Structures are given as structure tokens and as C-alpha cells.
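What follows is a set of notes on a single structure, which appears directly below.
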Amino acid sequence: MKVPPENSHFLLSNNLISSVLDDIPLINDFKGKWSSMAAKLSDLRAQLIDVSEFPNSSSNPLSLDFLHSVIETLTQAASLSHKCRNPGVSDGKLKTQSDILSVLTKLDCLLKDGDVLIKSEILHDGVISSSSSRREAVRAESRNLITRLQIGSIESRVLAIDSLLQLLNEDDKNVTIAAAQGAVPVLVRLLDSSSLELKEKAVAAISIISTVDGVKNVMIAEGIVLLNHLLRILDSGSGFAKEKSCLALQSLSISKQNARSIGSRGGISSLLEICEAGTPGSQASAAAVLRNLASFNEIKENFIEENGVIVLLGLLTSGTPLAQENAIGCLCNLVGDDDNLKLLIVKEGGIEFLKIFWDSVPSVRSLEVAVELLSLLASCSPIAETLISEGFLDRLLPVLSCGVLGARIAAARAVYELSFCAKARKEMGESGFITPLINMLDGKSVDEKTAAAKALSSLLQYNGNRRIFQKEERGIVSAVHLLDPSILNLDKKYPVSLLASVVISSKCRKLMAAAGAASYLQKLVEMNVEGSKKLLVSLSRAKIWGVFARS
């Protein structure tokens, strides 16, 4: 941020923003809220640049009031981020969460106030328009560079695209502004250039634009013309150009129409070749594109024809962690309910590759796809038996208690698939799977609650696991709460099933009754939920027998 040395307000604001942004990656709690704060702070920093560039920004009373409010809020944010970096001095989670929300609200207000201030005539001080602001400067520079890309010699166009790349790399907002000025169609036309250097730099610029969510629609609007260029680069471009082409294709391949076009034009074959012999970066990007493509059923046949499973498994032995993660994600999308593909993965050493990836994964978040593949493979009973014998239960258990929601859900689904027989259920119960699954019944996500209830409904088919479950009284209460019809998109048959497995216990029946199971079950019976009528009858009979026993 360019700040006049005498302007202490802007300098202090910039230092405070930098301090908080440096702290945020080191904070472990409330990551979503801190990520939101980081985005708002970046917006505020850009806004302060705009304000600082007006001649009288350091003397106008409204501007000074705004800056004082900015500094006050940023001081709070800096103090809060420092506390959160050091849990020992934290005020507790509830207080911290409240403080974070307070700062986020203040930042929203500041951004609105700053926008009004910039758009008003107060700070112009005789300037006819706001062309002196950074935003307008970027617009003007973008228009200038885009024009220069279309005229003059190859050398002058190369110089122009170098400047454009520098502009795009500075800031996502610059990307949005350049795209709005018409950069994408011009860059697509440069992909036809006779200059290899100009072509490579054009695809590099397109790859940068493709990563910014707000302008992906501009990319998609270029349609089949852009796709054809990118696919040709996959076949004949340099390693650098192939990597950038794959990056651009990542955002384009999420569309079903584009996926069909890529499949019908030999794109899968080219992408698989890159996975085998490309640069580490291009392998990761190519696997990411293949991962997107594999989610469309009509494209899967192309993978089979090109021996895609074998290539992807090969990438698990030699690729970067990101390439391996994308390869596993692609395999997940490919196998689905196809037992033949699952058996092929096992035959080609997939279980051993999965173990190696699992044991060396850099973060639990990256482990999510591995757990998902485990779940898919385990749905085939012969494979499930092998997975248990290969020690995957010990690997799976800690994931149920990890801090990554998607990984926990995938792990609970894997538990359900692996608990295919009494022996497996017994082993899981004795290994400690029941307690973390009970904890998941109280999760905030409906998917987490459902996955946990489904896993427990299977595990409790083994009598020894019922005894473990009955010792955890909160498990009964949590399961009863899941019967509530107001909790939408949760398959009620699973909490019904797990409660039915322990209803024979008088202690459990009392807990169910006290938690309101009867009223929920009456509604579920009306909804024809599987097993609800039988469970309600069991509870009712027990109540009658209890009356007789007291008399």
C-alpha cells in the first residue's frame, strides 16, 4: 500500500491490517469466520488505497472520522487475532466467537461507509471524476493493455501481455476489472498467434482469470473455441503451456456440456498422458480436470477405453501430494457402484497405494478423498474383508474425531460399509468406534448426523456393541432427537433402527420416553417411516407392562 510518510492514519491502518492477515493462517479455531475477516480486510485495504489517493483525504473531517473508526476496529481485530493465536490468553470460545462476529459486523459497516465516502464529491477537491483512484487506474491500464494486445508488432504485444500478467498477478480485483474490459476474448484470439511466446503467455493469463470465481462465466462464454485451443495445447504445447491449459480446464470441466466436448475431442487421452509423463504441476492439474470429468456418467466409458484406472493408480506412486489427492478423487468418481472397477483397483495394488497415501498425507483435509475411496471399496464385501485385514480400522478410528467435517462424514460412511458381518462389528466395537459415532449424532450437519446414525444402526446389530451404547446415556437422547420430523433431509429409518436395537432394555426405554420418543414416533408412523410403528408399539407395550408391575 503506497502511503505518504506523513500520513500516520493510513500507515497505522495498513500495519494493523498486515498484522491481522499475518496472524490468521496461524489460528486454528473458527477458521471460516477468520477467512471471511481476511477477505473483508483485503477489501478494506484496497478501499483505503482509494481514499488515500484523494488530495484532501488526510484533512477532510469525514475522512478523518472514517479513519479513526477504521483504526479503532482494526485495533480490536489485531488484539483478537493475537489472543486466538495464543489459546492460553483466549477468553473462551463463546466470548471469542462473539468478539469475532462483532468485528465482522464493524468491518461491514466500515466498507459501506468507505464506499459512500469514495463515491461522494467530498474527497475530489476539484477533480472532475474519480479517475485518480486505484480502481479507475486499473481500468484505464487494462483498456490500454488490451488495445496494445491487438495492434503493433509481436514484440510490442509480448511487452503488453507481460504487463497484463503483472497486473493480473497483483490482485483478484485486477482480474475482475480486466475481464470486464474485455480481456478474455482478446486473449483467446492470441491463442491462434504464430508466436509461441505470445501463445504461452496468453494461456498463462487465461489460467489466472479462470481461478477467480466472479469471472468464470466470462470464460465459459467463450465456449468451444476456447476449449479447442486448450485441448490443442495439451497435445502439442510445452510443459509450461500444458500446465496452464490444465489450470484453465479445471474451471471449464465442471460443465456437463464442456465435459462432453472434452471427452469427444480426445481430451481424456491427452490428460492421462500428462498424468504419466508431465511436470509435477501439470500432473496435479490434469488429475484435477479428470476428477471433474469422471463425475459425469457418459464420460466414464472414455476412461475405461484409455485404461484410466491404471494410469491414475500409477500417479499414486509418483505424483505430488496434490496430484495423488486428485487421482484418488477421480477414482472415487469413477468407481461408484461398479464392483468390477473396484476389483480392478484392488488387483492393481490399489489398497497398498491407498495405505501409503493415507500414512503420508500432509493434512486431514487431504485425507477426505482417501476415506471416501475406502468407503466405496468397502461396499464390495470381499474387498471389505481385505481392508480390515490390512489394518484400515486403526487408520479409520481417529478420523471420526478429527476437525474436518467432510472427513468425519466419509469415515462414518466407511464404518457402515465395513461393518458387513458380526466379526467386523465386534472388532469395531471393541476398538472404540461407538463413542465417536455417538458424538457425531450431535453434529451440526445433517449429513454428519445421518452418517453416524447409519453406522451405529449397523454396529448395534452385534449384542456386545449394544451394551457399550447403553452405557452412553446421551447416545439414546441424541438418537431420539434425530426422530424429530422438523429435522429435514435426515433418513429417519437409521435412528429408528438403532433405537429399536436397544428398546428391550428398560433403562433405555425410560430414557427414550423421557426424551419424547413417543410423540416423534407417532408422527413418523403417519409418514410411513420404516420401523417406526414397531418401535412405537414396543415403547407402548413396555409402558403398559410397567403399570401392571407397579400395581
Side-chain angles (χ1 to χ4, degrees), residues 188 191 199-200 202-204 206-208 210-211 216 219-220 222-336 338 341 344-345 348 350 353 357 369 373:
V188 171
L191 295 177
K199 188 184 295 186
E200 288 193 348
V203 75
I206 288 171
S207 73
I208 295 170
S210 73
T211 63
K216 286 182 180 179
M219 298 273 295
I220 293 171
E222 292 302 309
I224 202 67
V225 175
L226 175 56
L227 273 180
N228 284 339
H229 281 304
L230 295 174
L231 291 173
R232 276 199 291 271
I233 291 170
L234 293 186
D235 285 331
S236 57
S238 66
F240 172 84
K242 287 179 179 180
E243 183 173 341
K244 300 304 179 184
S245 180
C246 287
L247 281 172
L249 284 168
Q250 281 185 53
S251 63
L252 293 172
S253 56
I254 59 176
S255 153
K256 188 173 185 178
Q257 182 178 351
N258 286 343
R260 282 179 183 158
S261 298
I262 294 170
S264 64
R265 287 169 169 75
I268 290 177
S269 174
S270 300
L271 290 163
L272 288 170
E273 286 180 13
I274 293 172
C275 286
E276 287 185 295
T279 62
S282 64
Q283 285 181 327
S285 297
V289 180
L290 290 169
R291 184 176 180 176
N292 289 341
L293 296 176
S295 62
F296 299 103
N297 285 326
E298 56 263 56
I299 309 297
K300 291 184 180 180
E301 192 59 39
N302 300 80
F303 280 89
I304 308 301
E305 292 173 359
E306 300 291 342
N307 290 320
V309 170
I310 310 299
V311 174
L312 292 166
L313 288 173
L315 195 55
L316 289 181
T317 65
S318 59
T320 63
L322 180 58
Q324 293 174 341
E325 182 181 340
N326 284 329
I328 292 173
C330 184
L331 288 171
C332 289
N333 289 337
L334 273 180
V335 297
D338 191 330
L341 279 181
L344 175 61
I345 289 174
E348 296 297 329
F353 298 150
F357 175 80
V369 288
L373 182 58

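The model shown is predicted, which means the values in this text are computed figures rather than measured ones.
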Could you grab the distance from atom [atom1] of [X] to atom [atom2] of [Y], nearest 0.5 Å is fine?
X: Ile268; Y: Ile262; atom1: CD1; atom2: CD1; result: 8.5 Å
X: Lys300; Y: Ser295; atom1: NZ; atom2: OG; result: 8.5 Å
X: Asn333; Y: Phe303; atom1: CG; atom2: CZ; result: 8.5 Å
X: Asn258; Y: Leu249; atom1: CG; atom2: CG; result: 9.0 Å
X: Gln283; Y: Leu271; atom1: CD; atom2: CG; result: 12.0 Å
X: Ile299; Y: Lys256; atom1: CD1; atom2: NZ; result: 9.0 Å

Could you walk me through whether Val369 and Arg291 pass the side chain to side chain contact (heavy atoms under 4.5 Å, CB included) test, one step at a time? CA-CA 11 Å; Val369 288; Arg291 184 176 180 176; 2.9 Å; yes
Considering non-hydrogen atoms only, spot the tightest contact between [X] and [Y] and give its length.
X: Asn326; Y: Ala284; answer: ND2-O, 3.0 Å
X: Gly350; Y: Leu313; answer: CA-CD2, 3.9 Å
X: Leu272; Y: Glu306; answer: CD1-CB, 3.5 Å
X: Phe353; Y: Leu316; answer: CB-CD1, 3.9 Å
X: Ile254; Y: Phe296; answer: O-CZ, 3.5 Å
X: Leu315; Y: Ala323; answer: CD2-O, 3.8 Å

[X] vs [Y] side-chain heavy atoms within contact, under 4.5 Å:
X: Leu290; Y: Val311; answer: no
X: Leu226; Y: Leu191; answer: yes
X: Thr279; Y: Glu243; answer: yes
X: Asn302; Y: Leu293; answer: no

Walk me through it: do Leu341 and Leu344 pass the test side chain to side chain contact (heavy atoms under 4.5 Å, CB included)? CA-CA 5 Å; Leu341 279 181; Leu344 175 61; 4.3 Å; yes
Just wondering, are more than 12 heavy atoms of other shown residues or ligands nearer than 6.0 Å to CD in Gln257?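 No.
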Could you check whether any side-chain N or O of [X] sits under 3.5 Å from a backbone N or O of [Y], counting only pairs where one atom can act as donor and the other as acceptor?
X: Ser253; Y: Gln250; result: yes
X: Thr211; Y: Ile208; result: yes
X: Ser207; Y: Ala204; result: yes
X: Ser245; Y: Ala241; result: no

Between Arg265 and Leu234, does a side chain to side chain contact (heavy atoms under 4.5 Å, CB included) hold up when you go through it step by step? CA-CA 11 Å; Arg265 287 169 169 75; Leu234 293 186; over 6 Å; no
Would you say the side-chain atoms of Asp235 and Ser270 include a donor-acceptor pair closer than 3.5 Å?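 Side chains of Asp235 and Ser270: pair found under 3.5 Å.
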May I ask you to decide whether Glu200 forms a salt bridge with Lys244, counting only side-chain N to carboxylate O separations under 4.0 Å? no
